[in-house]
Asks: 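Structure incoming, see below.
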Amino acid sequence: MTRGFYVTTPIYYINGNPHIGHAYTTIVADVLARTARTRGDAFFLTGTDEHGQKVADAAKAAGLDPQTWCDRLVPKWKQLFASFHVEYDDFIRTTEPRHERLVQRVFERLRENGDVYRGVYEGWYCSNDETFWLESKLIEGRCPNPECRREVEWLSEESWFFRLSKYNQPLLEHFRTHPNWVRPRSAYNEMMSMLEEGLEDFSISRAAFDWGIPIPGGGGVIYVWFDALLNYITALGWSEDDARFRRYWPATVQLIGKEIARFHTIIWPAILWSLGEKAPDLVFAHGWITLDGQKIGKSLGNAVDPETLVQRFGADAIRYFLLREGHFGSDFSYSEAKIAQRYNDELGNDLGNLVRRTLTMLARYRNGLVPQPGETRFGERFTELPKRVEEAIFNLQFRDALEEIWELVSALNREIDERKPWVLAKAGDEAALDALLYDLCEGIRWLAVMLAPFMPQKAGEIWEQLGLRTGLHGSWEQTLVWGGLGAQTQTAPSETPLFPRLEIAVA
RNA sequence: GGCUCGGUAGCUCAGUGGUAGAGCGGGGGACUCAUAAGCCCUAGGUCGUAGGUUCAAAUCCUACCCGAGUCACCA
């Protein structure tokens with residue numbers, strides 16, 4: 001059986017509203033999934049992480065029980081993703097029975113094989129951070145977290161531990177033999193040094209509160225991270241739907257933010273191995289979006305409501321900007337002025353105007369009917385382009401992919417200036433005019449196909465303006481053959497520009 | 001403090017041993033199909049600092065300076 005393409009985002013911790021960063025990771029996954037679907041089977045999973053003390057606290061502060069709180073928040077997240085034209089195949093919530101049941105099963109399996117064992121955890125505990133601290137880490141007897149600094153209390157409790165130390169050597173070995181399984185390099189290096197320092201077993205149960213998945217047989221709830229990581233396999237029906245599980249696991253790409261690399265590249269593979277399953281092919285820890293260089297965060301209060309951006313620029317423009325602006329993996333700075341500039345220059349002037357000027361000329365000179373192709377060799381220059389774009393996408397180099405696509409945008413604009421259709425029309429050189437107009441329409445058709453994963457809605461509009469109905473999401477190998485656009489196709493140019501120019505005062 | 005990444009033209013960045021690059025901004029030009037859009041020409045920057053290796057370094061090594069991140073939650 002051929003394996004499907006499986007891409008995941010982290011499941012999002014819903015102790016508050018979503019911000020642009022959540023949208024970012026999910027959009028990236030969507031681009032990957034959409035591209036993968038043109039080639040075959042793909043599965044895209046996202047969801048929400050709903051357990052743990054902080055969710056319980058947030059619910060309490062809102063005067064709600066945790067489940068009601070979560071039920072009210074989840075639609076906001078789903079709405080956000082819908083606003084950005086994200087099409088996931090599954091959305092898992094960690095409070096769903098299908099997840100809880102399997103997490104408990106995992107816990108039992110590991111208890112049976114000895115990787116989960118009963119121990120005593122003693123130490124200084126900060127209830128806010130749900131963390132035990134070493135005495136040496138405390139600052140004046142208080143929690144060392146600079147954003148917390150609360151009093152800590154001495155706790156001694158029986159707890160369930162995961163035998164992470166047992167996987168220290170296997171992990172080192174795996175990292176050494178799979179130097180590209182954690183990307184980018186900086187994340188890999190960070191994790192390697194952690195492995196070299198040595199791993200300790202850690203507690204995976206909590207007794208101080210009860211908002212979590214009950215430990216089978218009693219004794220508190222399961223630590224929220226242990227619960228959360230398992231979503232990637234519970235959603236596939238691990239241990240229940242073997243055919244489905246084998247089809248997609250191990251995951252092709254697991255996208256994460258760089259701050260949770262430790263959980264996904266050290267703890268996660270250890271748990272999987274303990275279950276007898278494989279580690280994912282690739283964990284990619286991307287960088288942060290910063291606001292003019294400043295970290296965006298709930299605590300900093302500078303989080304921008306993504307819906308506002310959608311209203312202002314349109315979802316596809318934001319998708320484009322997020323993938324075009326930075327190198328995926330590195331931090332990049334965002335501002336409305338930057339979005340506006342790329343919007344006007346690249347989407348409006350380069351792409352939108354290209355479509356409009358082409359269709360306008362076609363309407364004027366050929367009544368909007370696609371002419372017969374000519375003897376030009378224009379298309380030959382781009383035979384390899386789809387392959388290069390696809391390669392860049394699957395290599396998670398989205399910026400490079402878009403730059404490659406823009407090579408065609410530029411070439412088409414240049415072609416108009418060089419072949420001067422208005423001159424050809426006056427001179428009555430019908431054959432040359434036909435040939436040019438065909439090249440332009442066909443080039444735009446290619447653009448729509450390659451841009452569809454990035455800007456699904458706008459690509460769809462281009463497709464319709466070209467007078468096409470189906471095939472936008474088909475296999476590139478079959479669709480992107482130069483000459484695929486049929487002569488006599490009746491185009492349907494839109495009254496309004498694809499990306500109307502934004503009149504903005506650049507602050 | 002340990003570790004990681006970065007410091008290249010005004011701005012954002014690409015470039016990992018062999019004559020310094022792109023986009024944007026700025027300057028100049030020719031055109032008119034188009035969202036006053038597009039096209040052509042134009043950027044001469046001690047490649048953070050100081051040493052070292054080499055026939056040759058932005059590109060390798062050492063030290064240092066500056067910035068960001070990470071080591072506890074956070075896309």
Side-chain angles (χ1 to χ4, degrees), chain A residues 9-13 15-16 18-29 46 49 52-54 126 128-133 137 143-148 184-194 196-197 224-225 255-263 285-290 293-299 324-327 329-333 338 341-342 344-365 399-400 403 406 409-410 412-425 436-437 440 496-503:
Chain A
T9 72
I11 47 173
Y12 303 108
Y13 201 63
N15 61 344
H19 61 72
I20 189 70
H22 302 111
Y24 177 51
T25 315
T26 314
I27 288 167
V28 169
T46 189
D49 181 9
Q53 188 155 25
K54 276 194 268 194
C126 171
N128 182 65
D129 291 357
E130 298 176 44
T131 303
F132 280 95
W133 297 100
K137 293 268 186 183
C143 175
N145 175 355
E147 287 168 22
C148 178
R185 201 68 199 168
S186 52
Y188 176 92
N189 290 340
E190 291 266 8
M191 296 306 114
M192 263 311 256
S193 68
M194 245 176 235
E196 281 160 0
E197 282 171 25
V224 64
W225 264 109
L255 300 172
I256 60 168
K258 62 187 179 182
E259 75 292 336
I260 51 175
R262 184 173 134 255
F263 290 98
H286 69 247
W288 300 94
I289 302 170
T290 63
Q294 268 206 320
K295 184 174 172 178
I296 297 172
K298 297 161 198 166
S299 52
R324 175 64 183 76
E325 179 67 15
H327 271 88
S330 308
D331 290 358
F332 69 94
S333 172
K338 282 184 177 177
Q341 184 167 355
R342 286 206 186 274
N344 277 337
D345 289 353
E346 295 165 8
L347 296 179
N349 297 348
D350 291 345
L351 176 62
N353 187 45
L354 168 67
V355 173
R356 169 166 270 222
R357 67 200 294 215
T358 297
L359 294 182
T360 300
M361 287 189 284
L362 191 67
R364 177 173 307 178
Y365 301 133
R399 185 174 129 166
D400 294 345
E403 283 183 346
W406 247 250
V409 173
S410 299
L412 291 165
N413 274 319
R414 209 176 304 129
E415 212 59 13
I416 296 175
D417 285 273
E418 287 175 1
R419 287 157 73 180
K420 301 183 178 31
W422 49 93
V423 170
L424 299 177
L436 171 61
L437 292 171
L440 296 176
T496 53
L498 213 47
F499 298 97
R501 185 169 183 78
L502 294 168
E503 296 305 337

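Protein chains get the first letters and strands the later ones, always in sequence-line order, with residue 1 at the start of each.
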Asks: Pick the P atom in B:rU49 and in B:rU54, then give their distance to the nearest Å.
Replies: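 Their P atoms lie roughly 23 Å apart.
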Asks: Need one value for A:K258: base, sugar-phosphate or nothing, where a base atom within 4.0 Å counts as base even if backbone is also close, heavy atoms only.
Replies: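 Contact class for A:K258: sugar-phosphate only.
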Asks: May I ask you to say what A:G21 touches in the nucleic acid, namely base, sugar-phosphate or nothing, with a heavy-atom cut-off under 4.0 Å?
Replies: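 Counting heavy atoms under 4.0 Å across all strands, the contact made by A:G21 includes a base.
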Asks: Students often get this wrong, so: under 4.0 angstrom with heavy atoms, is A:Y188 touching a base, only sugar-phosphate, or nothing?
Replies: nothing
Asks: Pick base, sugar-phosphate or nothing for A:I260, based on heavy-atom distances below 4.0 Å to the nucleic acid.
Replies: sugar-phosphate
Asks: Regarding A:F499, tell me which of base, sugar-phosphate or nothing describes its non-hydrogen contacts under 4.0 Å with the strands shown.
Replies: base
Asks: Represent RNA chain B in dot-bracket notation, 5' to 3'. Only Watson-Crick or G-U wobble pairs with both distances under 3.5 Å count; pseudoknot-style crossings use [ ] and interstrand partners use |.
Replies: ((((((((.[[[[.)..(..]]]].((((.........)))).....[[[[[..)....]]]]])))))))....
Asks: Measuring from the side chain of A:T25 (C-beta onward, heavy atoms only), which nucleotide among B:rA75, B:rC74, B:rC33 has the closest atom?
Replies: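 Within the option list, the nearest is B:rA75.
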Asks: Using the C1' atom on both, measure B:rC47 against B:rG6 and round to a whole Å.
Replies: 14 Å
Asks: I need the A:R185 CZ to A:E190 CD distance, nearest 0.5 Å.
Replies: 12.5 Å
Asks: Using a 4.0 Å cut-off on protein heavy atoms (strictly under), produce a 5'-to-3' string for nucleotides 36-43 of chain B with B for base contact, S for backbone-only sugar-phosphate contact, and - for none.
Replies: -SBSS---
Asks: In whole Å, what separates the C1' atom of B:rA14 from that of B:rC71?
Replies: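 My reading of the C1' atoms in B:rA14 and B:rC71 gives 31 Å.
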Asks: Quick one: pull up NE2 in A:H286 and OG1 in A:T25 and give me the separation to the nearest 0.5 Å.
Replies: 3.5 Å
Asks: Polar atom pairs between nucleotides 7-15 of chain B and protein, under 3.5 Å, N or O only, would you list them?
Replies:
unit_1, atom_1, unit_2, atom_2, d
B:rC13, O2', A:R399, NH2, 3.0

Asks: Please tell me if the side chains of A:I416 and A:M361 come closer than 4.5 Å, counting only heavy atoms from C-beta onward.
Replies: yes
Asks: Establish, with yes or no, whether the OP1 or OP2 oxygen of B:rC5 is under 4.0 angstrom from a side-chain nitrogen or oxygen of A:N189.
Replies: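 Looking at the OP1 and OP2 atoms of B:rC5, one of them is under 4.0 Å from a side-chain N or O of A:N189.
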Asks: Once side-chain hydrogen bond (donor to acceptor under 3.5 Å, both in side chains) is applied, do any residues pair with A:W422, and if so which ones, sequence neighbours excluded?
Replies: none
Asks: Determine whether any donor atom in the side chain of A:E403 lies under 3.5 Å from an acceptor atom in the base of B:rG23, or the reverse, and answer yes or no.
Replies: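 Check fails, no donor-acceptor contact within cut-off.
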Asks: A:R356: what forms a side-chain hydrogen bond (donor to acceptor under 3.5 Å, both in side chains) with it, not counting sequence neighbours?
Replies: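 Residues passing side-chain hydrogen bond (donor to acceptor under 3.5 Å, both in side chains) with A:R356: none at all.
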Asks: Give A:W406 one of three labels, base, sugar-phosphate or nothing, depending on what nucleic acid heavy atoms sit under 4.0 Å from its own.
Replies: nothing
Asks: Without decimals, in angstroms, what is the distance between A:E259 CD and B:rC3 P?
Replies: 23 Å
Asks: Rounding to an integer number of angstrom, what distance separates B:rU12 and B:rG7 when you compare their P atoms?
Replies: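 Looking at atom P only, B:rU12 and B:rG7 are 12 Å apart.
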Asks: Quick check for you: to the nearest 0.5 Å, what is the distance between A:K54 atom NZ and A:N15 atom CG?
Replies: 6.5 Å
Asks: Could you tell me whether A:L255 contacts a base, only the sugar-phosphate backbone, or nothing, with contacts defined as non-hydrogen atoms closer than 4.0 Å?
Replies: nothing
Asks: Heavy atoms under 4.0 Å, any strand shown: does A:P10 hit a base, just sugar-phosphate, or nothing?
Replies: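 The answer is sugar-phosphate, as A:P10 gets under 4.0 Å only of primed atoms, P, OP1 or OP2.
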Asks: Measure CD/A:E346 against C1'/B:rU35 and give the value in whole Å, please.
Replies: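 That distance rounds to 16 Å.
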Asks: If the P atom of B:rA58 is compared with that of B:rA50, how far apart are they to the nearest Å?
Replies: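 Comparing P positions in B:rA58 and B:rA50 gives a spacing of 13 Å.
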Asks: If you check the A:Q341 side chain, which of B:rU35, B:rA34, B:rC24 turns out closest?
Replies: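 So the nucleotide nearest the side chain must be B:rC24.
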Asks: What is the distance from atom CD1 of A:I20 to atom NE2 of A:H22, rounded to the nearest 0.5 Å?
Replies: 11.0 Å
Asks: Going by salt bridge (charged side-chain N to carboxylate O under 4.0 Å, His left out), name the residues that satisfy it together with A:R419, two or more places apart in sequence or in a different chain.
Replies: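 A:E415, A:D439.
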Asks: What's the gap between B:rG23 and B:rU46 when it is taken at their C1' atoms, as a whole Å value?
Replies: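 Those two atoms are separated by 25 Å.
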